[in-house]
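Here is the structure we will look at, set down as structure tokens.
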Number of protein chains: 2
Amino acid sequence: MGEQTGPGRSHVTLRDVARRAGVSLATASRVLNGTAQVRADLRERVLAVAAELAYAPNAHAQALASSSSKAIGVICHDVSDPYFAAISRGVMRTAAEHDLLVMLASTFRDPDREIEYIAMLRAQRARAILLIGSGFEDRAWERAMAAELDPYMRAGGRVAVVSRHRSLRVDTVQPQNREGAAALARALLDLGHRDFAVLTGPRSLTTVADRLAGFTGALADAGLRPRVLEGGFTRDGGYAAAAELLRLDPRPTCVFAVTDVMAIGALTAFRDHGVDVPGEVSLAGFDDIPIVADLTPPLTTVALPLDEMGERAMRLALKEPRASRSRIERMAGRVILRASTAPPPGVPAPRVPAPRRAAAPDGTPPPAGSATAAR
Amino acid sequence: MGEQTGPGRSHVTLRDVARRAGVSLATASRVLNGTAQVRADLRERVLAVAAELAYAPNAHAQALASSSSKAIGVICHDVSDPYFAAISRGVMRTAAEHDLLVMLASTFRDPDREIEYIAMLRAQRARAILLIGSGFEDRAWERAMAAELDPYMRAGGRVAVVSRHRSLRVDTVQPQNREGAAALARALLDLGHRDFAVLTGPRSLTTVADRLAGFTGALADAGLRPRVLEGGFTRDGGYAAAAELLRLDPRPTCVFAVTDVMAIGALTAFRDHGVDVPGEVSLAGFDDIPIVADLTPPLTTVALPLDEMGERAMRLALKEPRASRSRIERMAGRVILRASTAPPPGVPAPRVPAPRRAAAPDGTPPPAGSATAAR
DNA sequence: CTGAAAGCGCTTACAG
DNA sequence: CTGAAAGCGCTTACAG
């Protein structure tokens, strides 16, 4: 502004405001930031001029001068994945409460891009970086991650992760995947199933590995072993794996897809192939993303408090770091039996089972009267 | 760094790198940015030192010195809304192609928060701001928006909107809501329906108003008038409106929910009340968010190229602005008939209708052999 | 090709 | 309470 510059490009600066208000830069700054007491008349004048000129402070200059930033970074695999979308809701809300701006990036599961984004966020001096979603079991990648994250943290940057590889020594919100999957397996055993299949994603994803291990572990306790079909970690992956499963002989009576998103694909595959759920095959997922209650049949799943997980991760990242070691918040899953699971063909509905251990993996009792089983 | 500072907080600066490499600041800068030719040995040295020190440039300093930024801002109502999620996918992909960082904010439909975010993005000197989702018909709000947006654009900031109020004179990606809804109405009339209801959100949202107008307009051409039920612009709003609708006597044979998200709620309401879709009532939505093909029954809807809309908005914002006036890209909707709609009870399935105008509103022919009707 | 220096737009001790 | 000045960490003409 100042000298009425040419076409666009020009910004009103603090200096413009100060000059026009007849005060020093320092005073103008103090008024606009409420940093210190300023005589009322000067205050008014500065405020009026700032409004008149539609002054917008330059956040870069502020960040540089004060070495602080209002931005936090969030890295996920895909914004449009409903699992992430639900978590991000909690993140966004909490960020807003703290007057923070969120920089959000989708990696589309490209490890290089992930590292690139971290570098960008580091350059932006983001106050915190949140990594959401399962990491890889990959040495080279771990090293590269550490090479970005370590200097960032050393310089005061905060990092928190949701459902991530444990190799990262950072504050973590960790769903109890093993326990949740095991509880689900037991609930399905209680329904009378004995022949299981699991639809998994790549086992190099820790989430996949943990859920698979929990499920098969609980089955092993009953002397059973599921057939395992691996597919892409997406809706289409679930569809494809389910279609393949239909060629098995004999068909399993119960299918566990390691995520709801995969289960959605599986459900549609079954429908497209005329397979009745749960009449011919029972189907269960994991996560309880909002949409699954609207499917027909509604999906049995292990509910995770997704919104809250996002909120907690954000809060962890905003809290003072613990000097010595990283914090970890474990989030229990809760088995929710819906209409997509039923006793296997030919088996009568179970009598109301004697309550054995009516508690979630973390010991929390299930809400009374809800359609949930938690053991 | 430099003098081995205390615990954290310290960043490696360009000066550290230059010093250690025995070159000037300018040379170090040139090497790291590839701005100019630098003697090979110096180049190597700078690069090696930068890597060794894990140097990360300060993006704020860069932005300040070069007055440019790699960040763009995106404002939506709710990241976790699948409609927005689908659009944002295109945005994120395109941003990544251009090596841009996306700052994403959810307003949760709070006008004040929207304006606040724009101010923040303006302060960040975001290269562009994208507004995604229907705006309000509200004078005061329009003025406040303009007060932020105008100075931003005058200073060279770019703005593009998706499906927004026309009062904003900015580049726009605009779905043809009217035409799409009208085409849908005609397709449903062709099925034999004569008694319609519309489930709408608040009519102050332009998207709602346009779709409602298009639908009722086409019905009026057939001498019909739908009953209109207003609810929240959400899944739960759709559920509630549908539940209310069930009390109507006689019940309509066909229901149009102005968005898929509302239609999802309606579908579940019908299921919960034991109403067969499409046996007793046909149901259609608008948008074709990915999940609706996985519902049972799959939802008839008007498909919008959501991903592409996000991409186009991003591209518009990145292109040189047109001197005189704003650009507008109209996106045609395509009617997709799925199993959630059928002839009304008692009416036989229509003979294969003579093709009348087998074209989408924009004149594009529907893909051959697809299960779509487009007129 | 390389370097010294000015400048980007703020904040914040430091004096008054 | 107010102002002059240094400094945040870069980029980029301008000389050499």
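Lettering follows sequence order; numbering is per chain, from 1. Computed from heavy atoms alone, side chains included, the values below leave out hydrogens, waters and symmetry copies.
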(request) Grab the CG-C1' distance between Asn33(A) and dC10(C) for me, whole Å please. (result) 9 Å
(request) Return the value, rounded to whole Å, for the distance between atom CG of Leu14(A) and atom P of dT2(D). (result) 15 Å
(request) Mind calculating the distance between CZ (Arg15(B)) and P (dA4(C)) to the nearest angstrom? (result) 10 Å
(request) Please determine which of Met92(A), Arg89(A), Arg312(A) meets the side chain to side chain contact (heavy atoms under 4.5 Å, CB included) test together with Asp307(A). (result) Arg89(A)
(message) Is it true that, when you exclude Arg93(A) itself, more than 12 heavy atoms of the residues, nucleotides or ligands shown sit nearer than 6.0 Å to its CZ?
(response) yes
(message) Any carboxylate oxygen within less than 4.0 angstrom of a Lys/Arg side-chain nitrogen, looking at Glu142(A) and Arg139(A)?
(response) yes
(message) Both Leu64(B) and Ala36(B) contact DNA chain C. Which one's nearest nucleotide lies toward the 5' end?
(response) Ala36(B)
(message) Under a 3.5 Å cutoff, is there a donor and acceptor pairing between the side chains of Thr13(B) and Asp16(B)?
(response) yes
(message) Please name the nucleotide paired to dA4(D) by Watson-Crick or G-U wobble geometry with both distances under 3.5 Å, or report none.
(response) none
(request) On DNA chain D, check which nucleotide each of Asp41(A) and His60(B) is closest to and give me the residue with the more 5' one. (result) Asp41(A)
(message) At less than 4.0 Å, is any side-chain N or O atom of Ser66(A) found next to OP1 or OP2 of dT11(C)? Yes or no.
(response) no
(message) Please pick, from dG9(C), dG7(C), dT2(C), the nucleotide with the shortest atom-to-atom distance to any side-chain atom of Arg30(B).
(response) dT2(C)
(request) Tell me the partner of dA13(C), counting only Watson-Crick (N1-N3 plus N6-O4 or O6-N4) or G-U wobble (N1-O2 and O6-N3) with both under 3.5 Å; none if nothing fits. (result) none
(message) Taking only side-chain N and O atoms of Arg39(B), does any of them lie within less than 4.0 angstrom of OP1 or OP2 on dT2(C)?
(response) yes
(request) Grab the two heavy atoms, one from Ala119(A) and one from Glu148(A), that are nearest each other, plus how far apart they are. (result) CA-OE1, 3.6 Å
(request) Ignoring backbone atoms, test whether Thr27(A) places a side-chain nitrogen or oxygen under 4.0 Å from the OP1 or OP2 oxygen of dG3(D). (result) yes
(message) Rounded to whole Å, how long is the line connecting atom CD of Gln124(A) with atom P of dG9(D)?
(response) 16 Å
(request) Would you mind reading off the distance between Arg43(A) atom CZ and dC1(D) atom C1', rounded to a whole angstrom? (result) 13 Å
(message) Whether the side chain of Arg127(A) engages the backbone of Ser68(A) through a donor-acceptor N/O pair (distance < 3.5 Å, no angle test) should be reported.
(response) no
(message) Can you identify which nucleotide, out of dG3(D), dC10(D), dC10(C), has its nearest atom closest to the Gln62(A) side chain?
(response) dC10(C)
(message) If the cut-off is 4.0 Å, is Tyr55(A) near the phosphate of dG9(C), judged by side-chain N/O to OP1 or OP2?
(response) no
(request) Starting at atom CG of Leu42(A), determine the distance to atom C1' of dG3(D), rounded to an integer number of angstrom. (result) 12 Å
(message) Without decimals, in angstroms, what is the distance between Asn58(B) CG and dC8(C) C1'?
(response) 13 Å
(request) Using only side-chain N and O atoms of Ser24(A), determine if any of them is under 4.0 Å from OP1 or OP2 of dA4(D). (result) no
(message) Looking at Ser67(A), I'd like to know whether one of its side-chain N or O atoms comes within less than 4.0 Å of OP1 or OP2 on dC8(D).
(response) no
(request) Tell me which nucleotide among dC10(D), dT2(C), dG3(C) gets nearest to the side chain of Ala26(B). (result) dG3(C)
(message) Output the rounded distance in Å from CG (Leu25(B)) to C1' (dC8(D)).
(response) 13 Å
(message) Please give the distance between the C1' atoms of dG16(C) and dT12(C) as a whole number of Å.
(response) 16 Å
(request) Between Gln37(B) and Ala65(B), name the one whose nearest nucleotide on DNA chain C is closer to the 5' end. (result) Gln37(B)
